Each structure stands twice: as structure tokens, then as C-alpha cells.
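Notes follow once the structure below has been shown.
First the proteins, then the strands, lettered A, B, ... as listed; each starts at 1. All figures in this text were calculated on a predicted structure; none of them were measured in a lab.
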Amino acid sequence: MSRTIYITTPLYYVNAQPHIGHLYTTALADTVKRFHVMMGDHVYFLTGTDEHGEKIVKAAQKAGVNTQEFVDQVAGTFEDTWKQIDFTNDDFIRTTEPRHKEFVQEILKRVHDSGDIYFDQYTGLYCVDCERYMTMTELVDGKCPDHEVEPVEVKESNYFFRMGKYRQQLIDHIEKNPEWIRPVRYKNEVLSFLKQPLEDLCISRPKTRLEWGIDLPFDDKYVTYVWFDALLNYVSALKKNAAGNDVFDRYWKECNHFLAKDILKTHAIYWPTMLMAAGIPLPKQLDVHGYWLSGESKMSKSLGNVVKPLVFHEQFGIENLRYFFFREMKFGKDAGFTYELFVERYNSDLANGLGNLLSRTASIVKKNLGGVVPEQHNTTDAEQPLIAMAKKLLETYPKNFDDRAFHVAVEDIRSLMAATDRYINEMAPWKLARDDERKEDLARVLYTALEVVRISAVLLSPIMPKKCAQILAYLGETRPLDGSVPFEGLAGWGGLSFGHELGDVPRLFPRIDEKKLKEVLESVEAAKGVEEKAESDDLEPIKDEITIDDFSRVDLRVGIIREGHLVEGSKKLIRLMVDLGEEKPRQIFAGIKSHYAQPQDLVGTKVIVVANLKPRKMKFGISEGMVLAGGGGDDNRLCVAEFDGDLEPGDTVT
RNA sequence: GGCAGGGUAGCUCAGCUGGUUAGAGCGCCGGAUUCAUAACCCGGAGGUCGGGAGUUCAAGUCUCCCCCCCGCCA
């Protein structure tokens, strides 16, 4: 029976270029779509880009272009990359599109009107990189553990969404629908998180701090928090699809979200409660996958791009990587990727397995049967195990896909092919060919082998669409995989039609030798080096222009350091007594302990002091000014600015 | 600290509701074969299934305790 299915990937945040993580999730959605299409289901597949928020503004600044140009460029790269590697998404939504903005505002208004959004004041520590407030207990050494950045104390009034109100309703939903979040471990994680009270969610950012976002419809001094905006794409893209039609009713209730485990909370908590408040039914299912690891570390956008999709495509072909993805990763768990692992798997499964099986079989047909696909003769006991395996796949393969057990599905196909290799060795068709009386046996064996290749290619085509299409075309299997032919007919035994003449034996999966691997590894290393250098040479962006008047408000003076002390209990500060030619030296705390662990060495140094800085009360005393120092870079180099000539304390610095 | 997941051959892992001598791939050693992409096939070495105790006719598989890794939360 034909089903309707709506598949989404998360919208990718455009502060980074496409990498293996984006590629995997999108390939996953693409493969599942192709599978369902083959099964005769009707599928709608959405992906796109998330383009608002503070981090985007920063990334644009860093790149030295205006924000709109920046997001256009990166979003373009995503869309283009997916096109070049033939992903079959039916739409590509960008959160900066009018259709999305309008919908977000409509929902905000609706939720505001119903009383689930309220205005309140909040003081907290904000991590810019996380784009959220942190609690004290989350911090490690006063820094955000994810980004190793000190959060800023922010006090502001904002709008809040009554997320906490929907806590019990969400728990009930998850308990009533145990398959709603898969695999179970992630369901458990969400449930255990929900055991504690659920706080309301701050969903606005004042424009004084951030202008790049969607205006709140009820207060134009604020823009919408990026997650409250981005998640709504799953619906906004249906309300007005690429063709301008409203397909919400048709698809929404069949929605299946794919996502990586790092955005579980936003999808399993923020999102459903938002939908509840907006009066929209929840999506049907969340499928949560793990990370691709490189050695020990996570390959994420913040740790650089080890695999660039298009570069990999040129080097080894993206479909071969898709095979690796599904063969190697147990859905939901992390898995390792290295070029060595990839090549190993490719050589053993695709080159020595599928490729070689096709090659050896086809070449016997070419040599002995004039290249013509033989008729299926009565089978004997020898074929029964293979036929039974193939038959069983008609049931297990769709079930494994539905259960997201892709690695099992692939392994089953591989087992069928391995059994066929054994079968061929046993039957030794090259011997049968020498015996004129055994022509029928020869035909039977070759038909059997070719049929296994055909069935394998049908089953693998959602994963490797082009390569499998080539195999099928070569074998004379011309029936489309678009659902118009029943799956049982396509993948069932005996589908291979006789009489087709085989062309030259194709080498679809040439072995990758050590030399090629080494070349690629070297080029990857080289590219990484260049990137790291570019990264570390990046300058802090220059701040907004000021006038000479602005500058002259800062009173800089020459000061001589008379005393330098460590501050007990502080990791960063040292205490300096600085002579500015006044009655007595000023006490100044400076956060430079990391580079001046022996503050007494600074005594006698002539430095630049901000003399009119408002005294600041600190935990260890009052700081009456600021000593200027320079620094930067990944190595956090730092150095106090000093004079080498004859200046007196109190002299002005201009 | 609480909760969840995991700890099985050199490496990556499979082993569902307990049941024959614990499996696969890769790697290694030996053999066979020649249709094929130095391929394919067969055989071998290699595991006290994290440790300990218990339940059972029977435990990698269930129970309890402990150790280690990863994740979420505090």
C-alpha cells in the first residue's frame, strides 16, 4: 500500500561550509527518499539553510562582507553542492526568504495572542557562540565548555515562551508514542531531561544587540531567537512550497525529521512545545543519528572540514562514500571515518565484492554465450540457498530500512553476493563451458549469478543510485525504480530478462591502490595546513569608526609600575601599584597573570594607563585604571605596552 | 553524583525474547583455483565474550556488586 512521507534534514547553519556531517544527514534523507520512491510511496524531501543569529553576523564580519551577501554566498554553496551530487530534495528553504519570515511572524503573533509569550527582565551569562544563556554550573573555569569563551553578563528585557507549560503534555506524548524518538536511547535522554521542571524559553533578542533576524510582529525593537525562527521552516516550507502551493495538509502529519544528536533538545523539546502552543500537530517521528568521528575528535563545523563533499566526490565519488556511510554506521551510534577505513571498505566490498562479481560473471557470458543473457533454466538444489536468500530480502530489506538498520540491510546484500561468489567457485562455469553437453548447466549458473547482481543493484540503488543504474542498464534491466513497477517484481527472483546483449564489461569500482590513497592523504594534509594558516592569520575585525573627539575622551597617561603582586585566589589577575605622578600610586588589577607570573619583574616599567576609567570594584579590591597591553592569536600571545625613552609619570599619551 | 548506552578475536563490529564446538569483515599465515578488478574460494592462528558472585539442566545473552569508556543531566 502506498504511503505518503515527508522527510526533512535540519536546516544547516551557514556559518560554515558543507562538511561530512551535513553530507551524511542529507545523504541519509536522500537515501530514505529513494527507498520509499522505489517502494511506490509518495515522498517529499526538504532541506535548506538557517541564516539568522549572532554567529552569522560575526562570521560575515570575519569574512569582511555584509551579512546578506555572506548568507547568500554560503547558502548558494550548500544548494549548489547538493545539486552537483544529485540529492533529490524537492525544496530548499532559506530562513531569510519572505515565505519563511511571514510564517514565523504569523506563529509568533498567534502564540503571543494566546498568552504563551510574555515580557520579562533577565540577567544572565550569555555565550555568543552558543547563542544562549548559560547557568553558572555549566561553566568550566568561568568559560563555556563548548567554545572555551567567557560568557558575557547580559541584563536585558526579553520575550519568553511558556515552554514549561507544555512539559507534561510532551511527556505524555512521548510515553504514548514510544517510537516517536528513535533510537530509544535518545528517547530516554529526553524523558530524563523532562523529569526536571522545564524552564521557559527566551525567544527574542533586542535589536540594540542583534539586528539580523526576524522582527517580532508585536515589538519591532526585537528580533526572534534563531531557534524559534529556524525550526518553523519544517512547516513554513509546506505552507508555501517552491511552486508557491500550500501542501501542509498533504504532508505534515507524515513528517519524519532526521537530525544529529547534538540538536536533539531543540527538536524534541523546543519544537514540539512550540507546535503545541501554535496548535499544530506534532511530527510523526524523529530519527536521531550519531557523529562521524575522525580518530578521537568530532568532525564538526568548529573543528574544521576534513571531508569537503565536492572534493571527495572528485577524489573517490560520493556514491562510494554513501555506501561507506550506511555500511559502517549503526544508526544512532557514532562511527569513525578515515580515508584508510573508507578505502579498505571500498576495496573489499565494492571492488572485490560487487564490482568483481559483475566482472567475472559478465566476462564468462561474453566469452561463452556470445554476451547474451541466458534463459532461466530449471533450477537445481545448488541454486536454492541463493534463491531463498534473495526471497528473504524482499521482507527483511524494507523492514531494515524502516527500522533504520541500514548497516544490516547492506550486510544482507553483501552476504548474498558472497554466497554467490562461493556458488560460482563451486559450479566452475569455466569448466562447464568446455563441455558441450553441459551448456544448459552453464546457462543456469550464469543466469543465477547475473540475477544476484541485478537484485543487489536494485536493492543498493537508494544508496548508490548512479552506479546501480549503470549496472542495471548493463544487464538490460530497464524498468524504472520510480515506484511504477512493484518492488516484488523488481527485486524478486527471475526478474532478469534473457536475450539482452551485454556490452564491454564495465569496471565500475576500480580498486583504489596505495598510491592513490597516499596522494589524496597528502593533498588533504596540505589543504588542512593552508586552512589552519589562514585561520590563525585572521585579524580581529576592526571596530566601528570613531571620531577624534571620541578618542580624546580617553585620558592616557604614562605610569611607572612601583609594585607588582600576585593576587591570591585569582587565576588571571595580578595587582600593580602604578605611579601617575599623583600623590600616591594607583592600585590597578590586570588580567595578565598568564604572561607575567612574576609581577615584581614589572617594577620600573613605564606603561600606558587609562587614567580616567571609572574605578571598578572587584572581588579583591578597587581597580583605579587600566594598563594597556597588546595581544591576539590562537596562542593568546600578550605583552604590556611600554616606553623605552625618558618620560615622566603623568605625561600624557596622545 | 543521577540516568542512559557501551566494554566480544590485532582492528571495526554482529550476536533478538538464555540452548549445539561464540560469528563476520579487514589484517596475518598456509593452500586451492584461473572466469574475474594482484580478484574469488578453502583452511589456520588468534577470544577464560571488562572483573566477581548468583539464578538455571543450560548464560556473551537474566539478577546483583565492582571497574573502565562515551553521552545527557546536576
Side-chain angles (χ1 to χ4, degrees), chain A residues 134-140 145-146 181 183-199 260-266 268-269 288-291 293 295-298 324 327-338 340-369 396 399-400 403 405-434 442 445-446 449-450 453 505-516:
Chain A
M134 317 278 298
T135 59
M136 287 304 285
T137 49
E138 278 179 277
L139 303 180
V140 178
D146 289 342
I181 303 172
V184 263
R185 66 157 66 87
Y186 296 114
K187 181 194 81 169
N188 294 341
E189 205 170 293
V190 171
L191 277 179
S192 90
F193 180 80
L194 285 170
K195 273 183 193 149
Q196 280 115 41
L198 185 58
E199 281 176 28
K261 63 183 183 180
D262 57 338
I263 48 174
L264 174 61
K265 213 190 285 179
T266 50
I269 294 174
V288 185
H289 68 77
Y291 292 142
L293 306 174
E296 309 240 311
S297 55
K298 174 185 161 192
F324 181 85
R327 174 65 184 85
E328 207 69 15
M329 178 179 266
K330 183 175 178 188
F331 192 80
K333 285 178 80 171
D334 294 348
F337 171 89
T338 63
E340 289 87 343
L341 274 174
F342 164 76
V343 168
E344 190 179 297
R345 183 58 77 190
Y346 170 89
N347 279 341
S348 71
D349 284 14
L350 295 178
N352 299 349
L354 177 57
N356 183 57
L357 179 60
L358 170 66
S359 176
R360 69 190 302 205
T361 310
S363 85
I364 308 175
V365 175
K366 293 283 283 183
K367 280 181 191 165
N368 300 292
L369 302 179
T396 56
K399 175 146 193 339
N400 282 326
D403 293 345
F406 306 104
H407 69 299
V408 180
V410 172
E411 180 56 23
D412 284 349
I413 299 166
R414 217 195 52 77
S415 299
L416 173 64
M417 293 193 287
T420 305
D421 266 327
R422 283 193 290 275
Y423 165 81
I424 293 173
N425 281 24
E426 207 175 308
M427 304 316 272
W430 51 92
K431 281 185 189 159
L432 298 177
R434 289 180 220 128
L442 176 65
V445 170
L446 292 176
L450 286 174
V453 174
V505 182
R507 281 173 66 96
L508 295 173
F509 301 98
R511 274 185 74 86
I512 298 170
D513 58 26
E514 301 265 332
K515 202 178 132 213
K516 163 89 176 167

Report, one pair per line, the protein and nucleotides 32-35 of chain B atoms (nitrogen or oxygen only) whose separation is under 3.5 Å.
{"residue": "B:C35", "atom": "O3'", "partner": "A:K367", "partner atom": "NZ", "Å": "3.1"}
{"residue": "B:C35", "atom": "O2'", "partner": "A:R360", "partner atom": "O", "Å": "3.3"}
{"residue": "B:C35", "atom": "O2'", "partner": "A:S363", "partner atom": "OG", "Å": "2.7"}
{"residue": "B:C35", "atom": "O2", "partner": "A:R360", "partner atom": "NE", "Å": "3.1"}
{"residue": "B:C35", "atom": "N3", "partner": "A:R360", "partner atom": "NE", "Å": "3.4"}
{"residue": "B:C35", "atom": "N3", "partner": "A:R360", "partner atom": "NH2", "Å": "2.7"}
{"residue": "B:C35", "atom": "N4", "partner": "A:R360", "partner atom": "NH2", "Å": "3.2"}

Under 3.5 Å, which N/O atoms of the protein pair with N/O atoms of nucleotides 3-6 of chain B?
{"residue": "B:G5", "atom": "O2'", "partner": "A:R185", "partner atom": "NH2", "Å": "2.8"}

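At whole-Å resolution of the value, CZ in A:R345 and C1' in B:U12 are 7 Å apart. Note: CZ (A:F193) to C1' (B:G71) measures 14 Å, nearest angstrom. Computed from coordinates, the A:L350 CG to B:G25 C1' distance equals 13 Å when rounded to whole Å. Whole-Å rounding puts the A:I181 CD1 to B:G71 P distance at 20 Å. In this structure, the CZ atom of A:R511 is 12 Å from the C1' atom of B:C40, given to the nearest Å. As a whole-Å value, the separation of A:K261 NZ from B:C72 P is 7 Å. Between the P atom of B:C13 and the CG atom of A:L293 lies a distance of 10 Å, rounded to the nearest Å.
Under the Watson-Crick or G-U wobble criterion, with both distances below 3.5 Å, B:A58 has no partner in any strand shown. Under the Watson-Crick or G-U wobble criterion, with both distances below 3.5 Å, B:U33 has no partner in any strand shown. Across all strands shown, B:C40 forms no Watson-Crick or G-U wobble pair with both distances under 3.5 Å. Pair assignment for B:G1 gives B:C73, based on Watson-Crick or G-U wobble hydrogen-bonding distances that are each under 3.5 Å.
Dashed line: the shortest gap from a side-chain N or O of A:N352 to OP1 or OP2 of B:C40 is under 4.0 Å. Taking 4.0 angstrom as the limit, A:K265 places none of its side-chain polar atoms (N or O) nearer than this to OP1 or OP2 of B:C72.
Judged as a side-chain contact (heavy atoms from CB on, under 4.5 Å), and not counting sequence neighbours, A:K367 has no contacts. Taking the side-chain contact (heavy atoms from CB on, under 4.5 Å) definition, one finds that A:E340 meets it with A:T338, A:L517, A:L521, sequence neighbours left out. Under the side-chain contact (heavy atoms from CB on, under 4.5 Å) criterion, A:E328 pairs with A:W292, A:F324, A:R345, sequence neighbours left out. A:D403 meets the salt bridge (Lys or Arg N to Asp or Glu O under 4.0 Å) test with A:K399; sequence neighbours excluded. For A:N356, there are no side chain to side chain donor-acceptor pair (under 3.5 Å) partners two or more places apart in sequence or in a different chain. Residues passing the salt bridge (Lys or Arg N to Asp or Glu O under 4.0 Å) test with A:K330: none are found, sequence neighbours excluded.
Heavy-atom distances under 4.0 Å link RNA chain B to A:R414, A:D421, A:R422 of residues 414-422 of chain A, given in residue order.
Nucleotides B:A14 and B:C49 are separated by 13 Å at their C1' atoms, to the nearest Å. Rounded to whole Å, the P atom of B:G47 lies 24 Å from the corresponding atom of B:G19. Comparing the same atom, P, in B:C13 and in B:G30 gives a spacing of 29 Å after rounding to whole Å.
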Distance-only donor-acceptor hits, side chain of residues 190-198 of chain A, under 3.5 Å, sequence neighbours excluded:
{"residue": "A:S192", "atom": "OG", "partner": "A:E189", "partner atom": "O", "Å": "3.3"}

Under 3.5 Å, which donor-acceptor pairs link side chains of residues 410-419 of chain A to any protein atom two or more places apart or in another chain?
{"residue": "A:E411", "atom": "OE1", "partner": "A:R327", "partner atom": "NE", "Å": "3.3"}
{"residue": "A:E411", "atom": "OE1", "partner": "A:R327", "partner atom": "NH2", "Å": "2.9"}
{"residue": "A:E411", "atom": "OE1", "partner": "A:R414", "partner atom": "NE", "Å": "3.2"}
{"residue": "A:E411", "atom": "OE2", "partner": "A:R414", "partner atom": "NH2", "Å": "3.3"}
{"residue": "A:S415", "atom": "OG", "partner": "A:E411", "partner atom": "O", "Å": "3.0"}

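Residue pairs meeting the salt bridge (charged side-chain N to carboxylate O under 4.0 Å, His left out) criterion with at least one member in residues 355-365 of chain A, sequence neighbours excluded: A:R360-A:D421.
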Set out, in order, the CA-CA distance, both residues' side-chain angles and the distance that settles side chain to side chain contact (heavy atoms under 4.5 Å, CB included) for A:W430 and A:I424, then state yes or no. CA-CA 9 Å; A:W430 51 92; A:I424 293 173; 3.9 Å; yes
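Note on A:Q196: only backbone sugar-phosphate atoms sit closer than 4.0 angstrom, heavy atoms only; bases stay farther off.
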